[in-house]
Amino acid sequence: MSDSPSRRVARFVRELRRDGFGIGAGETLDALRVIRANPVLDVARIRRRLRSLLCRDHAEWVRFPELFDRYWLPAAQQEQPLSAAARLDPRLRRQARSVGTGLAGTAELGEDLRSTGAGAGRQATLSRIDYRFLTDARARREIERLAERLARSLRHRASRRRRIEVRGRRIHLRKTLRGSLRHAGLPVHPRYLTRRPQTPRLVLIQDISHSMAQYTPLLTRFCRGLLRAARDAEAFVFHIELHRITELYRERDADEVKRRLDGMNRLWLGGTRIARSLSSVLCDHAERLSPSRTVVVMLSDGFDSDDADDLGDALARLRRRVRRIVWLSPALGREGISAQDLPEQARAHVDVLLPAHDLASLSWAVTCIAREPGARSW
């Protein structure tokens, strides 16, 4: 560290950014000052100080020691033992020594990842990867965490509404003139027109049936982020019956959420009852729906054991009770499947129908949820 601290700190920060840490130029300069302030090499002290400086949440706090030791103390890292097949095949040995990408798919995806090697390139590559092709546990956790962070950005993308305040920059002429009548026409107390973000009231209805099992961890983290962005949101899951899980999705322990969801989804052989589940929302939870504000977000691949006419009738009744219906389907990201494969009876009552198989599609979904009602999106 003593011969070139600036370059080594810069490379360390790039490694952290590659692993999803949001570190700017200010934190980089502060990290350099921390290292220069320790002329006597005290690794434990430097690790503690950099950990406090560069970590923003609990997940980064937990991962930081491993990343620190991997970069600054490579000799202390134990080399992973090779499998029996890797001892025989040199190609497997090279693959084991390379940085794991977590991909199990086509050669095009692997080539795309190699062409974008660092920092934002890794996140950009992850944003385009179908979640089904992520097999590495670390990459799956990273994309799930990014999906939850993406959903929380709904709070900042919310539609803007105007209201009248006593402070601001744009005068509300009518209110100001009416208030000046009591002061002989003098605008003693002007009124201003200000803008404030308004998050739509969300009702999340998530399919956790067997056909959605590959995408359930990703969409669960995404729904949890939406619930944190919209405080008055409600969440339901269904397979053959409906469960209200708003309080469960606000649980901080992700492992507990997964364990309880698995307990709800033990009856796979019963099929997927979308129409019946929507009817349960209308019958048992109608008070949570508001025609002026509510946006229903359906997360399902559309595979339904109920009759297509029943699904169309349930969506029609639901559409009359809410402002919009946004349907997110992971199946739309698969080759050969399009929006036309959803039953026509259902498409007639859905305002927005979007894929939900990767981060890029979820990013566009957040934009569509936040914006005002407009043209249909297929």
Asks: Do side-chain atoms of Asp304 reach the backbone of Ile274 as a donor and acceptor pair under 3.5 angstrom?
Replies: yes
Asks: For Gly24, does its backbone N or O pair with a side-chain atom of Glu27 as donor and acceptor, under 3.5 Å?
Replies: yes
Asks: Indicate, with yes or no, if Leu193 and Leu177 share a hydrophobic cluster defined by side-chain heavy-atom contacts under 4.5 Å among Ile, Leu, Val, Met, Phe, Trp and Tyr.
Replies: no
Asks: Evaluate whether atom CZ of Arg178 has more than 12 neighbouring non-hydrogen atoms of other residues, nucleotides or ligands under 6.0 angstrom away.
Replies: no
Asks: So if you build clusters from Ile, Leu, Val, Met, Phe, Trp, Tyr with side-chain heavy-atom gaps below 4.5 Å, do Leu16 and Val43 land together?
Replies: yes
Asks: May I have the step-by-step check of side-chain contact (heavy atoms from CB on, under 4.5 Å) for Ile35 and Phe12, ending in yes or no?
Replies: CA-CA 12 Å; Ile35 293 180; Phe12 177 55; over 6 Å; no
Asks: Which pairs with one or both residues in residues 274-316 pass ring-ring contact (aromatic ring centres under 6.0 Å, His included), sequence neighbours excluded?
Replies: Phe236-His285
Asks: Would you indicate whether the side-chain heavy atoms of Val203 and Val322 approach each other to under 4.5 Å?
Replies: no
Asks: Are Ile46 and Leu29 linked, directly or through other ILVMFWY residues, by side chains that come within less than 4.5 angstrom of each other?
Replies: no
Asks: Give, for atom OG of Ser209 and atom CZ of Phe238, the distance between the pair rounded to the nearest 0.5 Å.
Replies: 7.0 Å
Asks: Verify, without hydrogens or angle tests, whether Thr176 (side chain) and Arg191 (backbone) share a donor-acceptor contact under 3.5 angstrom.
Replies: yes
Asks: How far apart are the C-alpha atoms of Leu219 and Asp207, what are their side-chain angles, what is the distance that settles it, and do they pass the side-chain contact (heavy atoms from CB on, under 4.5 Å) test?
Replies: CA-CA 9 Å; Leu219 297 180; Asp207 184 352; over 6 Å; no
Asks: Should the pair Tyr131 and Tyr215 be assigned to parallel (<30°), tilted (30 to 60°) or perpendicular (>60°) ring geometry?
Replies: tilted
Asks: For the residue pair Thr220 and Gln206, confirm or rule out a side-chain donor-acceptor distance under 3.5 Å.
Replies: yes
Asks: Would Ile129 and Asp358 count as a side-chain contact (heavy atoms from CB on, under 4.5 Å) here? Give the steps.
Replies: CA-CA 6 Å; Ile129 297 173; Asp358 57 15; 5.8 Å; no
Asks: Are Leu53 and Trp72 linked, directly or through other ILVMFWY residues, by side chains that come within less than 4.5 angstrom of each other?
Replies: yes
Asks: Taking Pro65's backbone N and O only, do any of them form a donor-acceptor pair with Arg47's side chain (distance below 3.5 Å, no angle check)?
Replies: no
Asks: Any donor and acceptor pair, going by atom type alone, linking the side chain of Asp351 with main-chain N or O of Ile325 inside 3.5 Å?
Replies: yes
Asks: Backbone N or O of Glu251 within a donor-acceptor pair of the Arg224 side chain at under 3.5 Å?
Replies: yes
Asks: Are Tyr249 and Leu204 side-chain neighbours, meaning at least one heavy-atom pair lies under 4.5 Å?
Replies: no
Asks: Under the criterion side-chain contact (heavy atoms from CB on, under 4.5 Å), I'd like the reasoning laid out for Met298 against Leu278: C-alpha separation, chi angles, the key distance, then a yes or no.
Replies: CA-CA 10 Å; Met298 287 281 300; Leu278 293 180; 3.7 Å; yes
Asks: Going by atom types alone, do Thr294 and Arg321 pair a side-chain donor with an acceptor below 3.5 Å?
Replies: no
Asks: Is it true that a side-chain atom of Glu60 and a backbone atom of Arg56 form a donor plus acceptor pair closer than 3.5 Å?
Replies: yes
Asks: Glu15 versus Leu67: any side-chain heavy-atom pair under 4.5 Å?
Replies: no
Asks: Please report the interatomic distance CG(Leu202) to CZ(Arg324), rounded to the nearest 0.5 Å.
Replies: 9.5 Å
Asks: Treating Ile, Leu, Val, Met, Phe, Trp and Tyr as nodes and any side-chain heavy-atom pair under 4.5 angstrom as an edge, say whether Leu282 and Leu311 lie in one connected cluster.
Replies: yes
Asks: Run through the side-chain heavy atoms of Ile, Leu, Val, Met, Phe, Trp and Tyr, join any pair under 4.5 Å, and report what else lands in Leu186's cluster.
Replies: Val188
